[in-house]
Amino acid sequence: MSAQEAERPRPPDGGPAEGGPLRGLPAVDRVLRSEGAEALTALYGRPRVLEAVRAALERARREGRGAALTAILEEASARLEASMRPSQRRVFNLSGTVLHTNLGRAPLAEEAVAAAIAAMRDPSSLEYDLEAGRRGERDSHVAGWLTRLSGSQAALAVNNNAAALVLALNTLASGRETIVSRGELIEIGGSFRLPEMMARAGTRLSEIGTTNRTHLADYAEAIGPESAVILKVHTSNYAVSGFTASVPAKKLAPLCRERGIPLVEDLGSGSLVDLERFGLPHEPTVAEAIAAGADLVTFSGDKLLGGPQAGLVVGRADLVAKLAKNPLKRALRLDKIRLAALEATLKLYADPDRLCLRLPALRLLARPQSEIADAASRLLPALAAALGDKATAAVIETKSQIGSGALPVSLLGSAGLALRPAPGISVESLARAFRALPIPVIGRIEGGRLVLDLRALEDEAALSEELPRLAENLP
Ligand SMILES: *Cc1c(COP(=O)(O)O)cnc(C)c1O
């Protein structure tokens with residue numbers, strides 16, 4: 001018995017202490033000696049069982065109620081189970097935003113999952129050249145695919161696109177100027193603000209043009225002895241419309257070449273294939289940016305590409321080599337798990353005809369509305385039954401968005417279920433009940449209703465199976 005357990009006087013049989021605040025409660029050591037507690041100890045280990053039993057007793061005492069040993073064990077067991085549940089959990093993303101940054105962006109292809117698991121389990125040739133029998137390059141596993149798919153000379157991979165941009169600017173423009181149009185000084189979700197990122201990369205921002213209009217002459221006039229990079233940024237999460245002008249890479253590239261200044265383009269989502277092929281709106285592809293004359297292009301691995309979180313840089317071999325030599329590259333490099341998943345994802349692009357079936361991000365984005373509506377009709381009866389008189393449910397047409405800043409203005413026709421709470425029940429409490437399911441369901445609140453967009457729902461069976469438990473969570 002530990003010193004803490006022994007601190008309170010208690011009768012020799014380990015029963016409730018006489019007359020104290022523990023009246024009607026079993027003593028800690030009696031609970032711990034019980035069969036139930038031994039079973040818990042086998043699962044969770046003694047220190048945690050002791051902690052949970054103490055907490056359960058403490059709560060009963062605070063609430064001034066007696067409790068039987070079984071009740072204390074039950075509460076301890078529930079506490080232990082809750083504390084063992086992973087903090088990062090699987091959820092159903094029915095938010096209508098397919099590549100939702102808060103929900104982990106792109107779901108990976110089975111091929112990528114398998115490759116990641118294999119890389120985790122055993123030693124690998126991560127940085128080992130098997131042919132030569134000496135140290136190799138970790139990015140070599142993906143560089144070949146990236147250059148082939150983008151028509152570029154060289155490629156490297158880092159932690160995410162923000163890192164790719166910082167690495168590019170720090171390598172090419174540290175202590176000097178980077179020219180950016182005022183129409184492209186983006187913020188992507190609070191923590192990514194281009195001017196702040198540039199300052200941390202050690203480059204001075206030279207803003208040119210205006211919010212709505214920037215011309216080639218603005219770039220030409222801004223170039224001076226301190227200019228190191230011209231940066232173009234894909235305005236991925238907003239659209240400027242009306243009286244606007246911007247200079248595409250194709251127009252900018254000849255100027256950059258003439259003045260000997262690298263043109264870096266941050267594509268953000270950067271698709272590796274033309275999405276129109278899958279009936280989706282056009283998003284600039286990496287190959288197009290390279291063909292237009294960008295010297296370096298940066299993009300994310302977990303947006304439209306549909307792979308793990310990564311930042312990819314493709315472009316001129318001499319510039320990529322400079323980036324690779326920057327000590328920051330070491331700080332920003334990818335681990336073997338993600339490199340394996342990325343390599344497997346890129347391989348899927350070698351067969352564009354089957355890409356849409358095998359790559360979940362594209363499969364979900366290209367899903368026809370009629371198919372989604374069918375899923376909604378199938379789920380409606382079980383959902384209505386689970387809601388009882390707490391809310392009404394109806395199949396609706398809705399619009400999904402791609403998310404992660406891709407194609408901000410183009411929405412995809414989708415379908416789902418709209419739940420309207422009964423009088424006296426708030427839509428927030430309805431949303432909370434769905435989030436409290438074993439696999440939390442994340443919908444979106446719209447006009448007093450909870451909307452579940454089913455575009456990203458592939459595992460209908462798992463959702464149906466847990467719906468009956470909704471009643472436990474409803475107010
Ligand atoms: C998403 C995005 C980024 C940031 O990419 P991460 O991979 O999230 O770091 C940077 N620039 C643009 C244009 C983006 O759309």
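Indexing begins at 1, ligand by ligand and atom by atom, following the structure's order. In this text, all values refer to a predicted model and were calculated from it rather than measured experimentally. Heavy-atom basis, side chains included; hydrogens, waters and symmetry copies ignored.
Here the closest heavy-atom approach between residue Pro262 and residue Leu319 is recorded as CB-CD1, 4.0 Å.
Listed by number with element, the atoms of ligand 1 under 4.0 angstrom from any heavy atom of Arg105 are 6 (P), 7 (O), 8 (O). Within ligand 1, the atoms closer than 4.0 Å to a non-hydrogen atom of Ile186 are 13 (C), numbered from 1 in the order shown. The distance from ligand 1 to the heavy atoms of Ser300 drops below 4.0 Å at these ligand atoms: 5 (O), 6 (P), 7 (O).
Comment: Asp335 does not engage Arg138 in a salt bridge, judged by the lack of any side-chain N to carboxylate O separation of less than 4.0 angstrom. With respect to the salt-bridge test (charged N to carboxylate O, under 4.0 angstrom), the residues Glu458 and Arg363 qualify.
Any N or O atom pair closer than 3.5 Å counts here, and Ala162 shares at least one such pair with ligand 1. Not one N or O of His234 is nearer than 3.5 Å to an N or O of ligand 1, by distance alone. Residue Asp302 places no N or O, backbone or side chain, under 3.5 Å from any N or O of ligand 1.
Cation-pi contact between Arg135 and Tyr128: absent, since separation from the ring centre below 6.0 Å together with deviation from the ring axis within 45° is not met.
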**Study point:** Working for side-chain hydrogen bond (donor to acceptor under 3.5 Å, both in side chains), residues Glu276 and His282
**Key:** CA-CA 5 Å; Glu276 277 177 272; His282 184 80; 3.0 Å; yes

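By the 4.0 Å heavy-atom criterion, Gln309 is excluded from the residues contacting ligand 1.
No donor-acceptor contact under 3.5 angstrom links the side chains of Asp274 and Thr285, judged on distance only.
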